[in-house]
Amino acid sequence: MSALLEARGLRVTFGTTAAVRGTALTVEKGETHCLVGESGCGKSVTALAIMGLLAKGGRREADVLSFAGQDIRNLDEREMSRLRGDRMAMIFQEPMTSLNPAYTVGSQMTEVLRRHRKATRAQAVDRAAELLGRVGITAPGLRLGQYPHQLSGGLRQRVMIAMALMCEPELLIADEPTTALDVTVQAQILRLLAGLQKDLGLGILLITHDLGIVARIADRVSVMYAGEVVESAPTAALFAAPQHPYTRGLLTCVPVPGKVRRDEPLGSIPGVVPRIPPGFTGCAFRDRCGEAHEACAGLIPRQQAAPGHEVLCTLPPGWTARRAA
Ligand SMILES: Nc1ncnc2c1ncn2[C@@H]1O[C@H](COP(=O)(O)OP(=O)(O)O)[C@@H](O)[C@H]1O
Ligand SMILES: [Mg+2]
């Protein structure tokens, strides 16, 4: 059976910036796949490229890009927009990206269902109110009549999440969806997503920098650096035996492997994510890597540390640090 979402060799360039460089990602039905990495690594561009929502000037190429077995590389805008909001939905870090300031919450939420599912107005209103309740919004009837600017940031975020779920999508791509929310609401929304996943077999690609969330809800984790997935593994394996020096750097703040507290931030590594020009060769992390050696300027092998655990690095799987950190 084919994966719900499969991307191989996904590349995005903006002029002379290679923002995504041959990314491979798979999301299975019912799976939560977390994508982590520092700011500027290409996580959002990857998500937007999959959804066909790249900003003007963004050029996408892929060896494979398929959704539920269908090649979506050459769908036109009309065909893509039929998929979006219906079978695949995205929630953004900034809710106003998907909310229109000129329409009430109710009319935006019901429009999605009426367009894709030919629901009656009454059915759509019922469904919208139900979902607002499920994302923890009290007095949904009142909220449906309000405009986005009348809501707090946290409420807007929850409205956007509810809106993405209107048509019961099969794939949900969530780009740091709970960053702005307080811990209680965050937990509520993650529980909601987990519930939907159980009920509907929803596949989730979740972009987050919160290792506590990753440890609790991810089935698989991919670590992105400078436009590439440098390591991908089942969650327990990634925390117990991280292979890439970058992954190990991100996890340095985790005192005991596998034991992650809520709100555990990514570790900070000296230096910044470089801007990579097209045609760059070698490992993009080598300037920041304590283990870098000559081979890191050449072709970087994709190695298998264990079944389902892949790493893009010249070091042998299971390597030990040259010097104590
Ligand atoms: N619209 C755009 N035009 C030009 N460059 C962009 C655009 N969007 C993103 N980029 C560049 O692509 C790279 C990856 O960005 P992004 O995916 O937003 O990172 P992340 O989500 O991991 O923080 C960055 O170098 C960013 O400057
Ligand atoms: Mg981003």
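All ligand and atom numbering here is 1-based and tracks the order in the structure. Predicted model only: the values in this text are computed from it and were never measured.
- Contact annotation for atom 26 (C) of ligand 1: protein absent (non-hydrogen atoms, distance under 4.0 Å).
- Using modelled atom types, one finds no donor on one side chain facing an acceptor on the other under 3.5 Å when comparing H33 with T26.
- Residues V223 and V311 do not share a hydrophobic cluster, clusters being chains of Ile/Leu/Val/Met/Phe/Trp/Tyr side chains in contact below 4.5 Å.
- Of the protein's heavy atoms, V45 N, 2.9 Å lies nearest to atom 17 (O) of ligand 1.
- Among the atoms of S39, no N, O or S atom is found under 2.8 Å from the Mg ion (ligand 2).
- With a 4.0 Å heavy-atom cut-off, ligand 1 is reached by the side chain of A55 but not by its N, CA, C or O.
- Contact annotation: for M224 versus ligand 1, there are no heavy atoms closer than 4.0 Å.
- Note on ring orientation: taking the six-membered ring where Trp is involved, the planes of F285 and Y225 are perpendicular (angle over 60°, cut-offs 30° and 60°).
- Of the protein's non-hydrogen atoms, the one nearest atom 12 (O) of ligand 1 is A19 CB, 3.3 Å.
- Of the N and O atoms on the side chains of H209 and E38, not one donor lies less than 3.5 Å from an acceptor on the other residue.
- A parallel orientation is assigned to the rings of Y147 and H149, their planes being inclined by less than 30° (bins at 30° and 60°).
- Looking only at heavy atoms of the protein, atom 23 (O) of ligand 1 is closest to G40 N, 2.7 Å.
- The shortest contact between atom 18 (O) of ligand 1 and any protein heavy atom is with S44 CB, 3.7 Å.
- Of all protein heavy atoms, the one closest to atom 3 (N) of ligand 1 is F14 CD2, 3.4 Å.
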